Amino acid sequence: MPRAVYVLALGIFALVTSEFVVAGLMPQIAAGLDVSIPQVGYLITAFAVAMAVGGPVLTVFVMRLRPKTALTGLFALFLAGNVLAAVAPNYPAMLVARLVTGTASQAFFGVAVSVCAVLVRPEVRGRATSVVLNGLMLGTLLGLPLATFVGDAYGWRTAFWAISGLTVPAALCTLAWVPRLARVAAGPLRTELGVFRRPRLWLVLSTSLLVIGATFSAFSFLNPILTRVTGFDTAAVPVLLVAYGAATVVGNVVVGRLADRHALAVLVGGLSLNLAFLTGFALFAQLGVVAVVCAVGIGLVGVTMNPALVVRVQRAGNVGPLVNTMHGSFITGGIIVSSAVGGLVIDAFGLRAPLWLGAGLALLGLLTLVPDLARRRAAPELRQRQVVA
């Protein structure tokens with residue numbers, strides 16, 4: 001695996017740590033900016049919306065640049081956003097900082113995945129993508145707890161300075177070890193946009209939204225479910241989250257090994273297992289052992305489907321930055337939908353409701369795979385008829 005692939009993973013690790021840090025330091029940020037907890041929650045929403053909407057727009061501009069130039073420019077923009085967050089004198093400034101970092105993060109993700117696809121042979125793109133996406137998994141497993149610890153011990157602004165400090169070596173490694181490549185876009189902007197006229201691409205993108213939506217329906221509310229329904233002490237939750245994060249790292253490696261040759265089979269199996277874990281969690285959340293097994297199981301077969309999802313999207317579209325960034329926007333859309341609807345169903349039906357919501361989204365995700373399954377089943381029969389003819 002080229003060294004540059006690991007460098008891209010380091011960059012995504014820094015970006016993901018910044019994405020999640022607000023969630024880990026809500027009370028401290030609220031006190032520091034003299035705002036309410038719900039207002040700090042809007043900073044998370046703003047980051048997600050910036051990723052979903054601003055990311056593709058920024059990508060349209062940076063895709064005209066060489067990938068190495070685009071990546072370093074996005075690092076600079078991301079660094080500026082984090083520095084602004086660290087020194088933000090008030091809430092509006094902090095809001096602007098989150099919009100800037102969210103937009104830069106999504107564009108970086110799209111360019112990084114495209115560069116990864118160019119650096120390796122087509123038959124190992126899924127495996128290489130899993131290496132890059134390990135930056136995302138490790139950001140959840142290590143980056144978020146470390147940033148939360150630093151912010152809690154030394155002040156929330158220090159956490160943003162620490163992320164800024166991590167960004168600088170990641171950018172320098174990119175300058176040193178990512179090779180100079182030609183533009184990785186498939187062609188002019190009109191050609192890139194023309195890919196989105198393919199109905200199958202939109203169906204494939206919807207699968208990604210549903211896979212991630214199903215997973216985050218549970219993950220977004222894991223803390224209150226485990227404490228208020230299962231009955232775990234709050235001190236046990238960080239340990240359970242580490243177990244969940246470790247499962248995502250393992251699952252990501254396994255899926256990366258299988259994604260290139262068996263992307264569709266991996267998604268069918270992953271969604272089926274996720275459906276089973278979500279349903280079991282919803283039914284038996286009051287039982288500690290079952291709740292832990294199901295929660296860790298969701299980590300093992302949830303966001304870890306990303307390498308297979310990326311391979312499938314690139315085959316339906318292309319490996320260009322715009323397709324990959326739009327894919328990231330659909331993934332973010334899954335997070336937004338699941339967290340927003342999950343909050344509504346909790347108010348109406350209680351804390352188990354998001355788990356049932358996730359199960360429903362997983363079932364819909366399986367249905368989006370039916371056309372590809374039917375096409376695969378029909379292909380051997382068609383070839384047999386041609387041979388007979």
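Numbers here simply count residues along the sequence, with the first being 1. Computed from a prediction, not measured in an experiment: that's the story for all the values here. All values below were derived from every heavy atom in this structure, side-chain atoms included, with hydrogens, water molecules and symmetry-related copies excluded.
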Pairs under 3.5 angstrom only: tabulate donor-acceptor contacts from the side chains of residues 2-29 to other protein residues two or more places apart or in another chain.
{"unit_1": "T17", "atom_1": "OG1", "unit_2": "F13", "atom_2": "O", "d": "2.8"}
{"unit_1": "S18", "atom_1": "OG", "unit_2": "N82", "atom_2": "OD1", "d": "3.2"}
{"unit_1": "Q28", "atom_1": "NE2", "unit_2": "D152", "atom_2": "OD1", "d": "3.0"}

Can you give the donor-acceptor pairs under 3.5 Å from side chains of residues 164-175 to other protein atoms, not counting sequence neighbours?
{"unit_1": "S164", "atom_1": "OG", "unit_2": "F160", "atom_2": "O", "d": "2.9"}
{"unit_1": "T167", "atom_1": "OG1", "unit_2": "I163", "atom_2": "O", "d": "2.8"}
{"unit_1": "T174", "atom_1": "OG1", "unit_2": "A170", "atom_2": "O", "d": "2.9"}

Which atom pairs, one a donor and one an acceptor, fall under 3.5 Å between side chains of residues 287-297 and the rest of the protein, sequence neighbours left out?
none

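Taking hydrophobic clusters as Ile, Leu, Val, Met, Phe, Trp and Tyr residues chained together by side-chain heavy-atom distances below 4.5 Å, V253 does not share a cluster with V255. Both V249 and F219 are members of a single hydrophobic cluster when ILVMFWY side chains are connected at heavy-atom separations under 4.5 Å. A single hydrophobic cluster is seen to contain both W156 and V35, as judged by linkage of ILVMFWY side chains at heavy-atom distances under 4.5 Å, directly or through other members. Note on L77: it does not cluster hydrophobically with W161, by side-chain heavy-atom contacts below 4.5 Å among ILVMFWY residues. Cluster membership for V120 and V131, using ILVMFWY side-chain heavy atoms within less than 4.5 angstrom, is shared.
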Tell me, with the steps shown, if L322 and V195 meet side chain to side chain contact (heavy atoms under 4.5 Å, CB included).
CA-CA 10 Å; L322 189 57; V195 174; over 6 Å; no
Inset, instruction - Using the side chain to side chain contact (heavy atoms under 4.5 Å, CB included) rule, take T304 and L300 through it: C-alpha gap first, then chi angles, then the decisive distance, then the call. - result: CA-CA 6 Å; T304 57; L300 189 66; 5.7 Å; no
Quiz item: Passes side chain to side chain contact (heavy atoms under 4.5 Å, CB included), L95 versus L43? Steps please.
Solution: CA-CA 6 Å; L95 181 60; L43 295 175; 4.0 Å; yes
Practice problem: Assess whether side chain to side chain contact (heavy atoms under 4.5 Å, CB included) is satisfied between R376 and D372, documenting all intermediate values. | Solution: CA-CA 6 Å; R376 173 169 291 188; D372 276 5; over 6 Å; no
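Counting non-hydrogen atoms of neighbouring residues, nucleotides and ligands closer than 6.0 angstrom, the CG atom of N90 exceeds 12 such neighbours. Heavy atoms from other residues, nucleotides or ligands lying under 6.0 Å from CZ of R228 number 12 at most. Annotation for F196: atom CZ counts as buried by contact number, over 12 foreign heavy atoms lying within 6.0 Å. Counted within 6.0 Å of CZ on R257, heavy atoms from surrounding residues, nucleotides or ligands total 12 or fewer; the atom is thus considered open. Annotation: F232, atom CZ; neighbour count of heavy atoms from other residues, nucleotides and ligands within 6.0 Å is above 12.
With T207 as the partner, the side chain to side chain contact (heavy atoms under 4.5 Å, CB included) test is satisfied by one option alone out of L366, V313, L367, L369: L369. Between Q106 and the options T332, N324, T59, T101, a side-chain hydrogen bond (donor to acceptor under 3.5 Å, both in side chains) holds for only T332.
Pairing each heavy atom of A359 with each of L278, the nearest pair is N-CD1, 3.7 Å. Taking each heavy atom of L201 and G317 in turn, the nearest pair found is CD1-N, 4.1 Å.
With a 4.5 Å cut-off between side-chain heavy atoms of Ile, Leu, Val, Met, Phe, Trp and Tyr, the cluster of F61 takes in V57.
Within the structure, no pair that satisfies the salt bridge (Lys or Arg N to Asp or Glu O under 4.0 Å) test touches residues 292-311, not counting sequence neighbours. Within the structure, ring-ring contact (aromatic ring centres under 6.0 Å, His included) pairs that include any residue of residues 73-128 comprise F75-F108 (at least two apart or interchain).
Under the 3.5 Å distance criterion, the side-chain polar atoms of R157 are matched with a main-chain donor or acceptor of A88.
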